[in-house]
Amino acid sequence: MTYIAKPKMHHPTLQTNKVGYTRRDYEGRISTLCAGCGHDSISAAVIQACWELDIEPHRVAKLSGIGCSSKTTDYFLGASHGFNTVHGRMPSVLTGANLANRELLYLGVSGDGDSASIGLGQFANAMRRGVRMAYIVENNGVYGLTKGQFSATADRGAKNKKGAINNDNPIDLVGIALQLGATYVARSFSGDKAQLIPLIKGAMSHGGAAVIDVISPCVTFNNHGGSTKSYDYIRQHNEAVSRIDFISPSSEITTEYAPGAVVDVPQHDGSILRLRKLHADYDPTDRDAAMSYMHARAARGEVVTGLLYLDPLATDLHTSLNTCEQPLNTMGAQLLCPGSEALNKINDALR
Amino acid sequence: MKRIAAINDFVIKFANVNGSGSASANELFAKAVMRMGVPVSPRNIFPSNIQGMPTWYEARVCEKGYHGRRGGVDMMVAMNPQTWDTDIAEISPGGYLLYDSTRPQPASRFRDDVLTIGVPLTDIANAAYTDPRQRQLFKNIIYVGALSVLLDVDVAVFDTLFAEQYKGKGKERLLEANVQALHLGRDYVKQHLQAPLDIRVQRADNVGDQIFTDGNSAAALGLVYGGATVAAWYPITPSTSIPEMFAKYCEKFRVDPDTGQNRFAIVQAEDELASIGMVVGAGWNGARAFTATSGPGISLMTEFIGLAYFAEIPVTIVNVQRGGPSTGMPTKTQQSDLLACAYASHGDTKHVLLFPQDPHECFTHSAAALDLAERLQTPIFVMTDLDIGMNQRLCKPFVWDDNKEYDRGKVMSAEELEAGTPFGRYKDVDGDGIPWRTLPGTHPTKGAFFSRGTSRNPQAMYSEAGPDYIYNMERLLRKFKTAESMVPQPIFRQATAPTKLGVIYYGSTTPAMREALDVLERNGDHLDAMRLCAFPFPDSVRKFIAEHDKLFVVEQNRDAQMRSMLINELEIDPAKLVRVLHYDGTPITARFIISTIHDCVHKEVA
Ligand SMILES: Cc1ncc(C[n+]2csc(CCOP(=O)(O)OP(=O)(O)O)c2C)c(N)n1
Ligand code: SF4
Ligand SMILES: [Mg+2]
C-alpha cells in the first residue's frame, strides 16, 4: 500500500492530484439525504480518499444495495460507473463485476440493514471468497430509508425513537469479517475524518476483501437518547427534535482524538458513544488477537475503531480461481471459442 | 397368448439399483443398437436419492427415429428385487422378462402371459470373478451380453465400442475384462436358450451422422462456444450437470496454454440469489455470464431478474424444468415454469424464452442466448427440462461457423465517446427500443452512468416523473417487439389435406408430437402444426392461429401455461385453444397425444 503525501488543504478544489484531477472531479450529484446524516460525511471521505490516492475516477466501479447508505454511490465519483442493485445483494453483483474485469477498483457501499439483516449471507460469503473490494458499511443501527426500524446491528437494550427496546443481540460485522477471512478489517466513525480517510485509502489499495464498518448516525431516526448509534448533537436545543419527520439544517460533528485515548461523545440524556483508538502496541496483523481484543472491549461497552486487522499479503478470488490477467470482458471468440474442428471431434466422440 | 413380435420397434426397460454400475452397461446396450443403425431413445427414471434406491432405464428402440417416450414395456430386465412386483406388472401382455435366475423363484412371481428368460447372472459372475465390486459391475455387462444374443445385436459392434472406450488409453485390461464378461452372457444364452426372440434388432441405416448426447452437456458446450466466461450456480436437480460440464469443457478448451491460467471463472455460489447476482454483475461489466437452475432457483432469482429487466443487463439463465410447485417432483419432468419465467418479478415485466427441443438445440439456443442477452440487454431464458436435459438423445451433430464473431450488442466504445457521439443510456436513438450502453472504465470523462432498479430518465438520472417512467416502459415494450424477429422462429408443418384444425407445441414435447402427427395423419385426422421456439411470439404465430378454427395446445403442465400466454399476448379467443395437458412427471407420449386429440376431434364431429 502506498500513501502519497497529503497535499495542503487550503484550496482543495483548485488543486490537482498526480493524475490531473481536482477534488471536484471526484464529487457526484447533490445528496438528497437528511442534513447532518453521517452517510454524507462518509461520501466526503470517499471523495477525499480517492482524490488523495490519485485514482482516475473512471477506474472505480461503485456498487451498492438499497438504503439511504446505498444511495450515496450517486453522491460521489460521478465519473465512475455505479450500480444501485437490490437490497442486501450488492456483494454478489460486485463479485460478478469483479470477475468480469479484474483491472478496475471495486467500491461496495452498504448499510447495516443491507449487510447484516437481509444481506448477511452475501456479506459473509463475499468475505469468505476474498473478493477484492473496499466494502464500506454505513452503520446506523436502523433502517433509515424505511423510517427507523431496528436493524440487526442494533445493540441489545438500545432504544428506538418511539422508546421501544431492542431485545435481540447485535450482529457484529467486524467480528464476522474477521472470522470469515477478510484481509482488511476496520471500524470507524463518520464524524472522524482524520481516521476514516486513511482507512478508506488503505481499503481501496488492498489486495483482497477489505471491509470498514463505519458508525454513521442517522440523525432522523437514531440520534436520540438511548440509542447506541447516535452522536451528541446540539439539536437537543432545537425545537425540531421532538417532531418526527422534520429535519433541521445542521452541521456534522467532527471528533478528533489522540491515539490510545478513549473518547466519549456524550448524548443529551447522558449516554455515551465511546470510541477508543487502538493502542500503539496493538498488532493489527494478528487475526486471533484482534478478535479477542474486540470481544473484551465490546464487553466493556466500548466501540473499538481503527484498523483492526490487516493481512498485507492478501490474495483474492482471482488468485483462487487462477483467472488469467487479461480481463474476461475483453475476450472475443478468438480466445473463447474452441472452433469447428474441436466441435467435429466432440461430435465424433458422441457417435 | 400371442407373443409380441417386433423388429426394430420395441421398448426395453432395465430395473436397477442406483449406484450398482448399471448406468454404463445400459448405455452400452443403447449404443450397440444404434451402431446397428437403429435409433434408440433412452430415459432415466430415478428418485431423489443417491444410493440403494431403484432406478430405471427405459430405452425405446425405434427404426423410424421417434424419440418421444412411447409408453408400454415390451421387455423388462428385472435386476432389482425390491421393485420386482411392479416391474413384472408393467410388462405388456405377450412381452418378455429377463431376470437373474441364480435363486429359484416361486411360479407365482411370474406371469403366464410373459415369456420368462432366466439367466443365472450372479452365478456366472461369481464363478468368473472374486472381487465383489467386479462381480457387481460385470454382472451388468453379462446381462448386456445375454441381451445381445436374445435381441440379435451383432457382437462386432461391441468390439468396436469397447475398443473406442478403452484401447490406446492405457485401459487394455478393462477392454479384455469387458469383452470377457460380454461373452459370458452371450455364451450362456447360446448354450441354454432359444435366440433370437421375436422382438429383435436388425441392421438398418437410420442413425446416419447423428450424435447421442444429453441436453445439459450440450447446453454447457453451447455456453463455451457462445463465449460465456463467468458462471455462477447453486446445485439443483436437474440442472447441476450444466455447470459441471461447463467446467469440464473449460478445463479442456479455455486454459491459456502459455500461462496455464483460465479464461473463465466459475463460482459455486451460496444460493441462487447470489448466483444470479454474480451473473448480473458480470453482465453489467461486459462479460458473458450465465447461471443454470431449476424451478426453486428461479423463484429465488426473481427480484434480480426484475432488476436485470429494468436496468437492462444481459443475463443468460438455463432453466432445466422439473415437476413443481415447491420441491414438487425434483426428478420428474415438466414444462411448468413458463409463466414464472415469462413474467418473472414484480411490476410489468416480460422476458425472452427459448424452447429447445433436443440436445442439438440446447447447444444452439444456449450459444444464441448469450448473443441475444447482449443484443437485447435483458435476461434470456433457455427453457429446457429434465427430459431433454438429463437423457441422452440422438440428434443432429453440433455445428459452428468459425467466421462468427460474438454479437456484443450496442456497446459504445471510448473512441465513439471521444468523437462526441451523444450518449444517453436509456434513450431510444435507433427506434428499436434498444439503448446504447457503456462498460465501466471505458472513458475518463464521458459515458459513465448510474445503473439502478429505480425509475430514471433517458440520461439514467433518477426520475419518478410520469413521462420519464412511461417513456422507459414503452421503450422496453418496443424492445420486446424487436426481440420477436431475433429469436428462433416457429416451425410449421402443414397437413397433407387442407384443415381448419391446428396444433401448437414446444420444447421436449416435439418428438412425441412428430410421431403423433404422423399417426393422426395416417388415420385421417389432419392437423397443421406449429412448434413454438421462443417467446415473444412473432406475427407468424398470430397468423397461424387466425388461419385455424380450433387449435390444440399440447404441453406438460397442469395450467396450460403456454395457452394462457397466447391468449394473454395475442388476445386470442380462449374457446379456440384446446388444452392437451400431460403433467404426471413422466415425459409426454405420442399415444397420449393421439388419443386425446382423436377423441376430441371425433367428439366434435359427432
Ligand atoms: C426486498 C426488499 N425488502 C425491503 C425493502 C425496503 N427497504 C429499503 S431500504 C431498507 C433498509 C435499509 O437499511 P440500511 O441498509 O441500514 O440503510 P440505511 O437507510 O439505514 O442507510 C429496507 C428494509 C427493499 N428495498 N427490498
Ligand atoms: S433517514 Fe437517517 S440514514 Fe436516511 S438520510 Fe436521513 S439521517 Fe441519513
Ligand atoms: Mg442503516
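Scope of the values below: all heavy atoms of this structure, side chains included, with no hydrogens, waters or symmetry mates. Residue numbers begin at 1 in each chain, while the letters A, B, ... track the order of the sequences.
Contact of B:A232 with chain A is not made at all, since no heavy-atom distance falls under 4.5 Å. For a residue to count as touching a neighbouring chain, one of its non-hydrogen atoms must lie under 4.5 Å from one of that chain's; by this rule B:I266 touches chain A with the backbone only. If you measure heavy-atom distances from A:R128 to chain B, you find no contacts under 4.5 Å at all. A:T73 touches chain B through backbone and side chain together, each having a heavy atom under 4.5 Å away. Contact of B:Q210 with chain A is made through the backbone alone, with heavy-atom distances under 4.5 Å. B:L394 does not touch chain A: none of its heavy atoms, backbone or side chain, sits under 4.5 Å away. There is no contact between B:A289 and chain A, counting heavy-atom distances below 4.5 Å. When heavy atoms are compared at a cutoff of 4.5 Å, B:K252 does not approach chain A at all. There is no contact between B:V279 and chain A, counting heavy-atom distances below 4.5 Å. Within the 4.5 angstrom heavy-atom criterion, no atom of A:I66 approaches chain B. Of the two parts of A:P57, neither the backbone nor the side chain holds a non-hydrogen atom closer than 4.5 Å to a non-hydrogen atom of chain B. At a 4.5 Å heavy-atom cutoff, B:V255 makes no contact with chain A through either its backbone or its side chain. Both the backbone and the side chain of B:L273 come within less than 4.5 Å of a heavy atom in chain A. Looking at A:L321, both its backbone and its side chain come within 4.5 Å of chain B, counting heavy atoms on both sides.
A:N347 CG to B:F398 CZ: the interatomic distance, rounded to the nearest 0.5 Å, is 6.5 Å. To the nearest 0.5 angstrom, A:K71 atom NZ is 10.5 Å from B:F450 atom CZ. To the nearest 0.5 angstrom, B:F264 atom CZ is 9.5 Å from A:C324 atom SG. Note: A:L343 CG to B:D401 CG = 11.5 Å, rounded to the nearest 0.5 Å. In this structure, SG on A:C337 lies 6.0 Å from OH on B:Y225, to the nearest 0.5 angstrom.
In terms of non-hydrogen atom pairs under 4.5 Å with chain B, the most contact-rich of A:L63, A:N125, A:T95 is A:N125. If you tally non-hydrogen atom pairs under 4.5 Å between each of A:E56, A:H87, A:M331, A:Q326 and chain B, the highest count goes to A:M331. With chain A as the partner, the residue from B:S451, B:A448, B:A287 showing the most heavy-atom pairs under 4.5 Å is B:S451. Listed options B:V280, B:T442, B:T213 were ranked by heavy-atom pairs under 4.5 angstrom with chain A; first place goes to B:T213. Between chain B and the options A:R89, A:R129, A:E325, heavy-atom pairs under 4.5 Å are most frequent for A:R129. Each of B:H443, B:R288, B:K31, B:K446 has some count of heavy-atom pairs under 4.5 Å with chain A, and the biggest count is that of B:H443. Ranked by heavy-atom pairs under 4.5 Å with chain A, the list B:E164, B:K404, B:R35 is led by B:R35. Here A:I346 is the residue among A:L94, A:I346, A:D348 with the most heavy-atom pairs under 4.5 Å with chain B.
When all heavy atoms are compared, the tightest approach of A:Q122 to B:E270 is CA-OE2, 3.4 Å. Nearest heavy atoms, B:D402 versus A:G339: OD1-CA, 3.3 Å. The two atoms that bring B:Y406 and A:G332 nearest to each other are CE1-C, 3.8 Å, heavy atoms only. The two residues A:S92 and B:G277 make their nearest non-hydrogen contact at OG-CA, 3.3 Å. B:R452 approaches A:D74 most closely through the heavy-atom pair NH2-OD2, 2.9 Å. For the pair A:A100 and B:A282, the tightest heavy-atom approach, listed with the atom from each and the gap, is CB-O, 3.8 Å.
Annotation: side chain of B:Y249 is not in contact with side chain of A:P338 (no heavy-atom distance under 4.5 Å). Looking only at side-chain heavy atoms (C-beta outward), A:R351 and B:D209 come within less than 4.5 Å of each other. For the pair B:W284/A:V93, no side-chain contact is recorded, criterion being any heavy-atom separation below 4.5 Å from C-beta on.
A donor-acceptor pair is defined here as one N or O able to donate and one able to accept, closer than 3.5 Å; such a pair exists between the side chain of A:N329 and the backbone of B:N285. Distance alone, capped at 3.5 Å, places no donor-acceptor pair between the A:R29 side chain and the B:M461 backbone. Counting only distance, with no hydrogens or angles, the side chain of B:R263 and the backbone of A:L328 share no donor-acceptor pair below 3.5 Å. A donor-acceptor pair under 3.5 Å links the side-chain atoms of B:R254 to the main chain of A:L336, judged by distance alone. Of the possible donor and acceptor atoms, one in the side chain of A:R59 sits under 3.5 Å from a partner among the backbone N and O of B:G441.
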Quiz item: Hey, mind stepping through B:L307 and A:F83 against side-chain contact (heavy atoms from CB on, under 4.5 Å) and telling me if it holds?
Solution: CA-CA 11 Å; B:L307 174 71; A:F83 198 171; 3.8 Å; yes
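Side-chain N/O atoms of A:T323 and B:N262 include no donor and acceptor closer than 3.5 Å. A donor and an acceptor atom, one from each side chain of B:T438 and A:H81, are located under 3.5 Å apart.
Around atom NZ of B:K248, no more than 12 heavy atoms belonging to other residues, nucleotides or ligands sit under 6.0 Å away.
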